[in-house]
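Small disclaimer: the values here were computed from a predicted structure and weren't measured. Computation of the quantities below employed the complete heavy-atom set of this structure, encompassing side-chain atoms and omitting hydrogens, waters and symmetry-equivalent molecules.
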Amino acid sequence: TNWLSYTGDGDYDFELTYARGTKTVYVWYMDAAGNVSDAYSDTITLLANAVRLEQNGTTTYYDSLEEAVDAADDNYPQVASRITLLKNITDEDSINISRTQNIVIDMNGYNITQTANSTVSAIRNYGGSLVLENTMAGTKESSVTVITTEGDAICVENTGLFEVDSVSLKAEAPNGTARGIQNYWAS
């Protein structure tokens with residue numbers, strides 16, 4: 001019922017739901033007399049990537065945060081690889097930052113949530129440099145949340161350089177210890 005004016009030929013942007021799968025867009029035309037055309041349609045397969053990795057002037061999209069971290073250059077302490085979330089990340093394997101990686105994760109108003117039935121850590125920094133930030137702070141909240149029914153819940157295990165800005169760290173472990181950050185002494 002909401003008709004949009006359209007003249008000539010060219011592109012029109014449609015906003016689709018951000019979920020993988022087949023998407024179909026339908027269009028009808030109505031002339032000045034109110035006559036409505038038959039429906040025209042087009043179908044695409046949307047591959048909704050979870051994250052964007054920017055490094056060395058190149059941008060690459062990945063389906064998981066783990067894939068992006070694995071693909072990030074081992075360039076510590078040079079310029080950081082920047083990973084931006086494009087949707088909420090739920091129940092991926094623990095993210096492991098190696099001692100040779102320099103990574104900035106922009107939560108971008110999204111969340112990382114991990115649930116388990118045993119001790120769990122969402123992010124492990126094994127001596128590299130890690131920054132968690134939210135460039136949407138003030139507009140959208142971001143958090144790293146870890147929930148376990150048994151054992152310990154740790155948002156970030158850290159033996160390297162770690163900075164957090166405008167990102168909440170939440171851990172729930174009713175039968176264990178809950179920690180936002182667990183710092184270890186690097187030997």
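- One distance of note links OG of Ser118 with CD of Glu150; it measures 9.0 Å at 0.5 Å rounding.
- Between Thr84 and Val51 there is no side-chain heavy-atom pair separated by less than 4.5 Å.
- The two atoms that bring Trp28 and Trp3 nearest to each other are O-CZ3, 3.4 Å, heavy atoms only.
- For the atom pair OG (Ser94) and CD (Gln114), the distance works out to 4.5 Å, reported to the nearest 0.5 Å.
- Transitive grouping of hydrophobic side chains (ILVMFWY, heavy atoms separated by less than 4.5 Å) keeps Val131 and Val164 in distinct clusters.
- Side-chain atoms of Ser121 and Glu157 include a donor-acceptor pair closer than 3.5 Å.
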Audit row: Lys170, Glu172, salt bridge (Lys or Arg N to Asp or Glu O under 4.0 Å) steps and yes/no
CA-CA 7 Å; Lys170 304 173 185 176; Glu172 298 177 25; over 6 Å; no
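- Considering every non-hydrogen atom in both Ser129 and Ile97, the closest pair reads O-CG2, 4.4 Å.
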Are Leu65 and Ile112 close enough, and set up right, to give a side chain to side chain contact (heavy atoms under 4.5 Å, CB included), and what steps lead you there?
CA-CA 9 Å; Leu65 179 56; Ile112 297 172; 3.6 Å; yes
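- Distance check: Leu169 CG to Thr145 OG1 gives 8.5 Å after rounding to the nearest 0.5 Å.
- Between Ala171 and Ala153 the shortest heavy-atom distance is CB-O, 3.5 Å.
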Could you go through Cys155 and Ile181, starting from their C-alpha distance and side-chain angles, then the distance that decides it, and tell me whether this counts as side chain to side chain contact (heavy atoms under 4.5 Å, CB included)?
CA-CA 6 Å; Cys155 293; Ile181 303 170; over 6 Å; no
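- Between the side chains of Thr113 and Thr90, no donor-acceptor pair is found at a separation under 3.5 Å.
- Because its NZ or CZ atom is both nearer than 6.0 Å to the ring centre of Tyr110 and within 45° of the ring axis, Lys140 counts as a cation-pi partner of that residue.
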Under the criterion side chain to side chain contact (heavy atoms under 4.5 Å, CB included), I'd like the reasoning laid out for Tyr26 against Ser41: C-alpha separation, chi angles, the key distance, then a yes or no.
CA-CA 4 Å; Tyr26 297 91; Ser41 66; 3.6 Å; yes
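- Between the side chains of Ser143 and Asn111, a donor-acceptor pair is found at a separation under 3.5 Å.
- Side-chain contact, Asn134 with Asp106: no donor N or O sits under 3.5 Å from an acceptor N or O.
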CA sep, side-chain torsions, deciding dist, call: Val120, Ile154, side chain to side chain contact (heavy atoms under 4.5 Å, CB included):
CA-CA 6 Å; Val120 64; Ile154 306 166; over 6 Å; no
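- Nearest approach of Val69 to Asn96, heavy atoms of both residues: CG1-O, 3.3 Å.
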